[in-house]
Number of protein chains: 2
Amino acid sequence: MPGLVHVVDDDASFRTAIERRLKLAGYDVVTYASAQDFLNAALDDEQPGCILLDVRIPGLSGPELQSRLIAAGSTLPIIFLTGHADTPTTVQAIKAGAEDFLTKPVSSELLLDAIARALARQDAARSHRGRLEAFRAHLATLTQRERQVFDLIVRGKINKQIAYELGTTERTVKAHRHQVMEKMQVHSLAELVSIAERLGMLDPNGR
Amino acid sequence: MPGLVHVVDDDASFRTAIERRLKLAGYDVVTYASAQDFLNAALDDEQPGCILLDVRIPGLSGPELQSRLIAAGSTLPIIFLTGHADTPTTVQAIKAGAEDFLTKPVSSELLLDAIARALARQDAARSHRGRLEAFRAHLATLTQRERQVFDLIVRGKINKQIAYELGTTERTVKAHRHQVMEKMQVHSLAELVSIAERLGMLDPNGR
DNA sequence: CTTCATATTGTCCTTTGGGGCAGTGACACC
DNA sequence: GGTGTCACTGCCCCAAAGGACAATATGAAG
């Protein structure tokens, strides 16, 4: 699996060495001397890649950068690489979703394994998001009214009840309902509910 | 949140000390000198509680016990507590779902925080499983035929298609369908699909 | 002012879903 | 042989959903 590896480390000689090793393994590499440099690069989250991140770097620390990226909605997998790992930092990083936490010096085997896992995971996550994105896009084309009808439909309400709750007639609900099925590109109520469930639009306790 | 804390550690004096501290904090405590002792106790997974687990203990190690418990389907949260933490072990433990990884000596604050989090998480997980369990129980009461009909219904097939695929008539499908709705205790197709989705019975790509 | 999107509604007809009532046939268990 | 469960099915009727054809009303955009 090809991919772009972002190396963030303040040690120039380390960056050069790592870059050489990764390029040998067939990866594209970009290096950054600081977390800020990385943030300034404003990357495409969808492109296959991962981050090799040092914990202790001048300015924004590795974990701080991780938080920022998470807050910004990034899903680039992060592999921490550090000289001195303390337990709380390690635990926190992994809990926050880091792919791995390695210590320098790192064997090529461990490093490449971690990168391969990171890329695989990102790929799976991306394709999963991709499917949901299509649904969200369709959902966005619904008008307010259609969206209200949608919500009630997937909660199992029948047209009569929907009409009552929205203060309109059954005939009108049918019209909106038709539009909803059309715009969401589904052909059965089952598909519609299934999508709503995946988008987390349904309360765990029905009703 | 009250709960039972299982302390697994080979150091007798440590067990006594920890037990005292935890009881002071209002927890029930049971101690074990080895992982095997813990396994022999054959615990109830549903009872509120967690495990305080040493990494290096004679016989089965902490991480090994963790694997066993996971393989056995246990959902008791585990908090590792160890003297010397190496990074790979820490990473692996957290990735495998441990609630935390603390180093001795541990402050009461950190320890009690971790225990509280573990109990809260277990509680949330248990209630979530509980809801699903009820569905699974209902599902288990379906006959073979009803189950087949169920599967086709939630995939959006209409009675006519279901009848054709099962080589029977529409009237018969209706009869089974009625039984399905009855036994699953739902009142709409939407609820049925929602349940199927939560039980992971629907392919991510419909059809 | 015209055009477009949105929301609304009516009439009429067809297809589906849901269910009552009644009965048949296979098979297992006691 | 009696009893039960499960699967199957026909006839009939009602409720709900889907859709064709047609039309009104309103507000924003150009």
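Chain letters run A, B, ... following the sequence lines, proteins first, then strands; residues in each count from 1.
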Rounded to whole angstrom units, what separation is found between the [atom1] atom of [X] and the [atom2] atom of [N]?
X: B/Ile158; N: C/dT14; atom1: CD1; atom2: P; result: 17 Å
X: A/Lys174; N: C/dT6; atom1: NZ; atom2: P; result: 23 Å
X: B/His187; N: D/dA15; atom1: NE2; atom2: P; result: 19 Å
X: A/Tyr164; N: C/dT8; atom1: OH; atom2: C1'; result: 20 Å
X: A/Glu170; N: C/dG10; atom1: CD; atom2: C1'; result: 13 Å
X: A/Gln161; N: D/dA16; atom1: CD; atom2: C1'; result: 12 Å
X: B/Arg177; N: D/dT9; atom1: CZ; atom2: P; result: 18 Å
X: A/Gln179; N: C/dA5; atom1: CD; atom2: P; result: 12 Å

Closest-nucleotide ordering on DNA chain C, the 5'-leading residue of A/Lys183 and B/Leu189: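 First, find each residue's nearest nucleotide; the 5'-ward one identifies A/Lys183.
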Min side-chain heavy-atom separation A/Val193-B/Leu192 under 4.5 Å: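 No - every pair of side-chain heavy atoms lies 4.5 Å or more apart.
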Any [X] side-chain nitrogen or oxygen under 4.0 Å from OP1 or OP2 of [N]:
X: A/Lys160; N: D/dA16; value: yes
X: B/Thr172; N: D/dA7; value: no
X: B/Thr169; N: D/dT9; value: yes
X: A/Thr143; N: C/dA7; value: yes

Side chain of [X]: nearest nucleotide among [options]?
X: B/Asn159; options: C/dT8, D/dA7, C/dG17; result: C/dG17
X: A/His176; options: C/dA7, D/dT9, D/dA7; result: C/dA7
X: B/Glu146; options: C/dG19, C/dT8, D/dA7; result: D/dA7
X: A/Arg145; options: D/dC8, C/dT8, C/dT9; result: C/dT8

Under 3.5 Å side-chain donor-acceptor pair for B/Thr75 and B/Arg129: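 Yes, side-chain donor-acceptor contact under 3.5 Å.
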Donor-acceptor side-chain pairing of B/Gln144 and B/Arg147 below 3.5 angstrom: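 No - no donor-acceptor pair under 3.5 Å links their side chains.
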B/Leu65: which of B/Leu39, B/Ile78, B/Ile57 passes side-chain contact (heavy atoms from CB on, under 4.5 Å): B/Leu39
Approximate separation, where rounding is to 0.5 Å, of B/Gln185 CD and B/Glu191 CD: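 If we round to the nearest 0.5 Å, B/Gln185:CD and B/Glu191:CD are 10.5 Å apart.
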List the atom pairs, donor and acceptor, that lie under 3.5 Å between side-chain atoms in residues 110-119 of chain A and the rest of the protein, sequence neighbours left out.
residue, atom, partner, partner atom, Å
A/Arg117, NE, A/Glu99, OE2, 3.2
A/Arg117, NH2, A/Asp100, OD2, 2.6

Contact list (N/O, under 3.5 angstrom) for nucleotides 22-30 of chain D vs protein:
none

A/Tyr32 and A/His6 aromatic ring geometry - parallel, tilted or perpendicular at 30°/60° bounds: tilted
Contact nearer the 5' end of DNA chain D, comparing B/Ala175 with A/His178: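 Looking at DNA chain D, the more 5' nearest nucleotide goes with B/Ala175.
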Verdict with supporting geometry, B/Arg15 and B/Glu19, salt bridge (charged side-chain N to carboxylate O under 4.0 Å, His left out): CA-CA 6 Å; B/Arg15 287 200 303 273; B/Glu19 180 167 8; over 6 Å; no
